[in-house]
Amino acid sequence: MEKKDEGNGEVVRSNEKTITREKEEGKGKEESHPLPLMALNHVSRLCRNVKESIDFYTKVLGFVSIERPQAFQFDGAWLFNYGVGIHLLQSKDGEDRRPQTDDHLDPRDNHISFRCENMEEMEEKLKELNIKYMKRAVEDEENGTRIDQLFFNDPDGFVIEICNCENLKLVPAGSLGKIKLPFDRHNPPVETLENGEMNQD
């Protein structure tokens, strides 16, 4: 179901929030044509041993194995939880596009990040499973917020982050911004400026 706000012509779908900021006063309005995107569907990971990776993502991160289409002509596995999928792909013999070393841990490397509601509990689990990790915190004194982070590698050396990033307020950085938030899950706080508007069905 859709409804149209006659005031600004914005279309708001019933299953999402739409946060908009108009251009600065005097510069006029731009007609909005939002993309029909909904959410992140999955992250794909190339791995040397699919079974070992399944064990890691299910035991460490709580993912669940789901059925994978039989039409695929290569080894792999699909996992799902928290509204996102992990697709594991078996690397071919002699092919190695994975990180150079499994024990290299750099937060600035490509990584995937999961929001966590209890960082202490997650850290204890990593200790119990004897998983090497890096712990750090990012503090924003101006806004009085703090983000706690845990970084560790999966079996193939890809970096994973666990954080309480919902503490960080989302602030559109341009003069015209649009943020679409899923209606059925917890979202970080969103700040809109004086000319900002938030539509929610």
Side-chain angles (χ1 to χ4, degrees), residues 1-47 50 53-54 57-58 61-74 76-90 97 108-117 145 147 149 154 158-201:
M1 181 182 114
E2 296 183 347
K3 74 175 184 181
K4 187 169 183 178
D5 185 337
E6 299 297 337
N8 59 12
E10 182 71 37
V11 175
V12 182
R13 291 180 172 80
S14 61
N15 64 342
E16 68 186 26
K17 302 175 185 175
T18 303
I19 294 84
T20 63
R21 282 173 49 200
E22 296 178 355
K23 279 191 172 181
E24 296 175 5
E25 189 175 353
K27 293 186 178 179
K29 297 181 180 179
E30 237 178 47
E31 191 174 347
S32 176
H33 296 285
L35 292 173
L37 302 180
M38 299 170 62
L40 176 67
N41 179 264
H42 71 272
V43 175
S44 182
R45 282 285 180 255
L46 192 67
C47 51
V50 171
S53 293
I54 291 174
Y57 281 98
T58 55
L61 294 172
F63 275 82
V64 177
S65 296
I66 61 173
E67 291 187 2
R68 178 174 176 261
Q70 297 181 0
F72 290 126
Q73 301 297 315
F74 52 88
W78 283 13
L79 311 174
F80 188 86
N81 214 343
Y82 321 113
V84 67
I86 299 286
H87 290 187
L88 303 175
L89 309 175
Q90 178 68 54
R97 289 177 286 163
R108 295 174 299 176
D109 281 347
N110 293 328
H111 62 274
I112 56 176
S113 178
F114 296 94
R115 290 206 313 262
C116 178
E117 61 184 0
T145 57
I147 301 173
Q149 300 170 299
D154 78 354
F158 292 110
V159 179
I160 295 171
E161 175 190 3
I162 305 294
C163 72
N164 54 356
C165 294
E166 71 277 4
N167 294 338
L168 183 64
K169 185 178 294 184
L170 298 177
V171 183
S175 60
L176 179 66
K178 182 185 296 291
I179 297 176
K180 296 171 68 174
L181 299 176
F183 184 75
D184 59 347
R185 69 184 70 173
H186 175 72
N187 294 294
V190 179
E191 179 177 297
T192 55
L193 300 183
E194 185 177 348
N195 292 332
E197 179 176 329
M198 178 174 177
N199 293 324
Q200 179 181 353
D201 193 349

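- With a 4.5 Å cut-off on side-chain heavy atoms, Ile147 and Asn164 count as touching.
- The OG1 atom of Thr58 sits 11.0 Å away from the CG atom of Asn81 when rounded to the nearest 0.5 Å.
- Within the cation-pi definition used here (under 6.0 Å to the ring centroid, within 45° of the axis), Arg68 qualifies as a partner of Phe74.
- Nearest approach of Gln149 to Cys163, heavy atoms of both residues: CG-CB, 4.2 Å.
- Within the model, atoms OG of Ser44 and CG of Leu89 stand 3.5 Å from one another, a figure rounded to the nearest 0.5 Å.
- The side chain to side chain donor-acceptor pair (under 3.5 Å) test applied to Ser113 returns Glu161, not counting sequence neighbours.
- The shortest side-chain heavy-atom distance between Phe80 and Val64 does not fall under the 4.5 Å cut-off.
- Here the side chains of Ile160 and Tyr57 are in contact, with some heavy-atom distance below 4.5 Å.
- Within the model, atoms OG1 of Thr145 and CD of Glu166 stand 11.5 Å from one another, a figure rounded to the nearest 0.5 Å.
- Nearest heavy-atom pair across Leu88 and Val50 is CD1-O, 4.2 Å.
- Shown here for Ile162 and Leu61, the closest heavy-atom pair between the two residues is CD1-CD2, 3.9 Å.
- Using the six-membered ring where Trp is involved, His42 and Trp78 have ring planes that are parallel, under 30° apart on the 30 and 60° scheme.
- For Ile112 against Arg45, the heavy-atom pair with the smallest separation is CG2-NH2, 3.6 Å.
- Note: Asp109 CG to Phe158 CZ = 10.5 Å, rounded to the nearest 0.5 Å.
- Taking both residues in full, the closest heavy atoms of Leu40 and Val43 are given as CD2-CG2, 4.3 Å, listed atom of the first, atom of the second, then distance.
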